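Worth saying up front: this structure is predicted, and the values here are computed from it rather than measured. Numbered from 1 within each chain, the chains take letters A, B, ... in sequence-line order.
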There are 2 protein chains.
Amino acid sequence: MSSSREPLNRARIVDAAVRLIEREGVEAVSMRRLAAELGAGTMSLYNHVPNKAVLVDLAAERIMAEARPYHVDSDDWRDHVRAHARAVRELARQHPRAFVMLATRRLSSQAGFMTIEAALRNIERAGFRGKVAVGMMRAMVSYLLGTLMREVATSPELGGIALSPYEDVDVSAFPLSAEVIDELGTYDHDHEFEFGLELMIAALERYQEPD
Amino acid sequence: MSSSREPLNRARIVDAAVRLIEREGVEAVSMRRLAAELGAGTMSLYNHVPNKAVLVDLAAERIMAEARPYHVDSDDWRDHVRAHARAVRELARQHPRAFVMLATRRLSSQAGFMTIEAALRNIERAGFRGKVAVGMMRAMVSYLLGTLMREVATSPELGGIALSPYEDVDVSAFPLSAEVIDELGTYDHDHEFEFGLELMIAALERYQEPD
DNA sequence: CCCTGCGACGTACGGCGTACGTAGGAGGCT
DNA sequence: AGCCTCCTACGTACGCCGTACGTCGCAGGG
């Protein structure tokens, strides 16, 4: 495939891995396939990358680095938090298969720090610093991670989610669930994300003005 | 291994899978190994289970079903929310390797509904019903999923997390991060979990008394 | 007594990650 | 020029994996 005259190098390999991950998910990545795609011998890859695990790590970092810094024109910290959260969501939606992978991996990259720094800046804007700010930042990250995992790992094109997840369960044993069963079966991800986001913002606001 | 005189059946196979998952994680599960552990031929498993994917699903459901309903003596909905969240956390900590698996899978089981119903009950106690309650429940689930993923996927015994994740990054470019770098490198999961939990509760409270 | 059906199992295929050994070419040295 | 050293590419092979397929033996019914 693509001009096999180019000598192999780490960048080209990682590139190919990223493309493959975005196209078919991590589980589709194999050293043999990658090599074939690069028109190289399988074992040649090992001259540039110690093993598959770190290759995947490198790919994860590369994808993370694609995150564009968001921009927003406002003095209100809430708008910044919103913009930041939406930017993360955008990244997740653009790379659904990669996101699941990123989510289960601890990041230690420059790119990861950019996100952390931006989140801390927003929380500082809201009037928090130090330990409390870190706690809030982490809670925010947890919420984002959670919703986006749910949104993205649930998307139908990603591997056979049942149409109605509640087919073979007798709901009558669960009165409250039964009452809102239609709601439970429906996912309006836009709405849910924004709802949860406002909930998180409300929580921060409440800490601002203590009783 | 263990009394190979017993005839094979689905329950025994799923049991073995669960044990193996809890001991060494999903990635350690293989049909050959499972069969060996049961003192059976590899292909005999396929008489009781169509393929590995559904076997793992069955194991996931079985683990989920182990979740004990929590109990708490209080009239305050906050205490119920706390108890529920802590029960989920306990489950995650008792089965860290299984939890990561459960988290990336959509549940449609009876057991899953028990959790949903309990969460809805608590939120109803706080005075919310219908669509709003579902949104809140989902936000709560997202937060729980997120923190617990972070807590559990990060635990050192689960596959080589670097001691200090921020070794080779130049923090000086990130002033706010630098300011709290010690905090960032430290994880007090108990404290963090409770902090985030109170944040979520605060958010619900704020919805109770609208400005 | 035979027939039928089912569960257990062996073999084999095409995949995987990667250890290891080899070969060839580029660059520096004398 | 000749040689040596080092780096990269690559082939082979090992031990895993999931599972399709075919066979065999045995239990139960006619």
Side-chain angles (χ1 to χ4, degrees), chain A residues 1-61 97-98 100-101 104-105 158-160, chain B residues 1-61 97-98 100-101 104-105 158-160:
Chain A
M1 216 152 283
S2 55
S3 60
S4 67
R5 292 305 81 197
E6 231 83 27
L8 231 38
N9 64 50
R10 181 176 275 215
R12 260 174 31 94
I13 295 173
V14 174
D15 271 357
V18 169
R19 282 199 307 272
L20 192 50
I21 288 173
E22 296 191 335
R23 219 175 337 124
E24 306 189 31
V26 220
E27 63 282 357
V29 175
S30 90
M31 300 304 269
R32 286 169 158 86
R33 184 153 171 206
L34 231 38
E37 213 133 312
L38 288 164
T42 307
M43 293 314 288
S44 307
L45 304 182
Y46 285 91
N47 287 318
H48 306 273
V49 144
N51 58 53
K52 184 185 172 180
V54 340
L55 171 54
V56 172
D57 280 343
L58 290 170
E61 297 276 334
R97 339 195 76 117
V100 179
M101 181 189 69
T104 52
R105 221 163 269 275
L158 243 81
Chain B
M1 216 147 288
S2 55
S3 61
S4 68
R5 293 305 79 193
E6 231 84 24
L8 231 40
N9 65 50
R10 180 176 276 214
R12 256 168 42 86
I13 295 173
V14 174
D15 271 357
V18 169
R19 281 199 309 273
L20 191 50
I21 288 174
E22 296 192 334
R23 217 173 343 120
E24 307 188 30
V26 220
E27 63 281 356
V29 176
S30 90
M31 300 305 268
R32 286 169 157 86
R33 187 156 168 202
L34 231 39
E37 215 134 311
L38 288 165
T42 306
M43 293 314 287
S44 307
L45 304 184
Y46 286 91
N47 287 320
H48 306 274
V49 144
N51 58 52
K52 183 183 173 181
V54 340
L55 172 54
V56 172
D57 281 343
L58 290 171
E61 295 277 335
R97 338 196 76 117
V100 177
M101 181 190 66
T104 51
R105 222 163 270 275
L158 245 81

Output all residues satisfying salt bridge (charged side-chain N to carboxylate O under 4.0 Å, His left out) with A:E22, sequence neighbours left out; order by chain, then residue number. none

Check: residues 40-51 of chain A side-chain donor-acceptor pairs under 3.5 Å, at least two apart:
residue: A:S44; atom: OG; partner: A:G41; partner atom: O; Å: 3.3
residue: A:N51; atom: OD1; partner: A:A53; partner atom: N; Å: 3.0
residue: A:N51; atom: OD1; partner: A:V54; partner atom: N; Å: 3.0

Can you check the B:L45 CG to D:dC17 P distance for me, whole Å? 12 Å

Closest non-hydrogen atom pair, B:L55 against B:A17: CD1-CB, 4.2 Å

Could you pull out the closest heavy-atom pair between B:V29 and B:L20, with the gap in Å? CA-CD2, 3.9 Å

What is the per-nucleotide protein-contact pattern of nucleotides 14-21 of chain C, from the 5' end, where B denotes a base atom under 4.0 Å from a protein heavy atom, S denotes such proximity for sugar-phosphate atoms only, and - denotes neither? --BBBBB-

Rounding to a whole Å, what distance do you find between A:R10:CZ and D:dT8:P? 12 Å

When the axes are fitted on five pairs at both termini, how much does the helix from C:dC1-D:dG30 to C:dT30-D:dA1 curve, in 10° steps? 20°

Scan nucleotides 26-28 of chain D against the protein and return all N/O pairs shorter than 3.5 Å with their distances rounded to 0.1 Å.
none

Atom pairs under 3.5 Å, N or O on each side, protein against nucleotides 22-25 of chain D: can you list them with distances?
none

Return the CG to CZ distance between A:L58 and A:R10, rounded to the nearest 0.5 Å. 5.0 Å

Would you say the side chain of B:D57 lies within less than 4.5 Å of the side chain of B:E61, judging by non-hydrogen atoms? no

Nearest 0.5 Å, what's the CD-CZ distance between B:E27 and B:R97? 6.5 Å

Taking only side-chain N and O atoms of B:S44, does any of them lie within less than 4.0 angstrom of OP1 or OP2 on C:dC9? yes

Give the rounded distance in Å between these two atoms: CZ of B:R12 and P of C:dG7. 15 Å

Sequence neighbours left out, what passes side-chain hydrogen bond (donor to acceptor under 3.5 Å, both in side chains) with A:R33? Give chain and number order. A:E24

Nearest-Å distance for atom pair CG/C1', residues B:N9 and C:dC6: 15 Å

N/O to N/O distances under 3.5 Å, protein versus nucleotides 26-28 of chain C:
none

Gap separating the CD1 atom of A:I13 from the CE atom of A:M31, nearest 0.5 angstrom: 7.5 Å

Could you give the NE2-to-P distance, from B:H48 to C:dC9, as a whole number of Å? 9 Å

Just the rounded figure in Å: distance from P of C:dT22 to CG of A:N47. 16 Å

